[in-house]
Amino acid sequence: MADRPPPGEPESVGSIAELYLGNILYAIELAALSLDEQGKRTDAAFYRGIGRKLADARGRRTTEE
């Protein structure tokens, strides 16, 4: 789980993204599904690639901890 900053300090983009990664991956997949339905296969593959990179990066971090 993402470490929280000390009280009074702003959160980083990375810590927020890590906290909500599941939600972000779900939204990316919904976008990819919508693009598939529109016949935009290349665009859908692009977004799925982003999701895959995020999921892989999270998996690497989890195994390192």
Side-chain angles (χ1 to χ4, degrees):
M1 191 64 119
D3 294 326
R4 295 222 175 240
E9 288 191 29
E11 294 182 296
S12 70
V13 171
S15 68
I16 294 169
E18 187 174 358
L19 182 62
Y20 295 104
L21 183 59
N23 303 76
I24 293 166
L25 293 173
Y26 179 72
I28 289 172
E29 181 57 23
L30 286 180
L33 287 170
S34 176
L35 289 165
D36 267 339
E37 290 173 0
Q38 296 172 40
K40 298 178 180 180
R41 308 271 184 254
T42 303
D43 294 337
F46 173 76
Y47 283 97
R48 286 194 174 107
I50 293 171
R52 199 167 15 263
K53 281 184 157 268
L54 289 169
D56 289 348
R58 175 62 181 137
R60 281 192 304 277
R61 179 152 189 243
T62 300
T63 58
E64 291 171 0
E65 291 177 351

Grab the two heavy atoms, one from [X] and one from [Y], that are nearest each other, plus how far apart they are.
X: Tyr47; Y: Ile28; result: O-CG2, 3.1 Å
X: Ala32; Y: Ala44; result: O-CB, 3.4 Å
X: Glu37; Y: Arg41; result: N-NH1, 4.4 Å
X: Ala55; Y: Leu25; result: CB-CD1, 4.2 Å

Do Ile50 and Phe46 have side-chain heavy atoms sitting under 4.5 Å apart? yes
Can you confirm whether Leu33 sits close enough to Arg48 that some side-chain heavy atom of one is under 4.5 Å from a side-chain heavy atom of the other? yes
Could you state the interatomic distance from CG (Asp43) to CD (Gln38), rounded to the nearest 0.5 Å?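 Separation between the atoms: 8.5 Å.
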Value rounded to 0.5 Å, distance of CD in Glu18 from CG in Leu21: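 Separation between the atoms: 8.0 Å.
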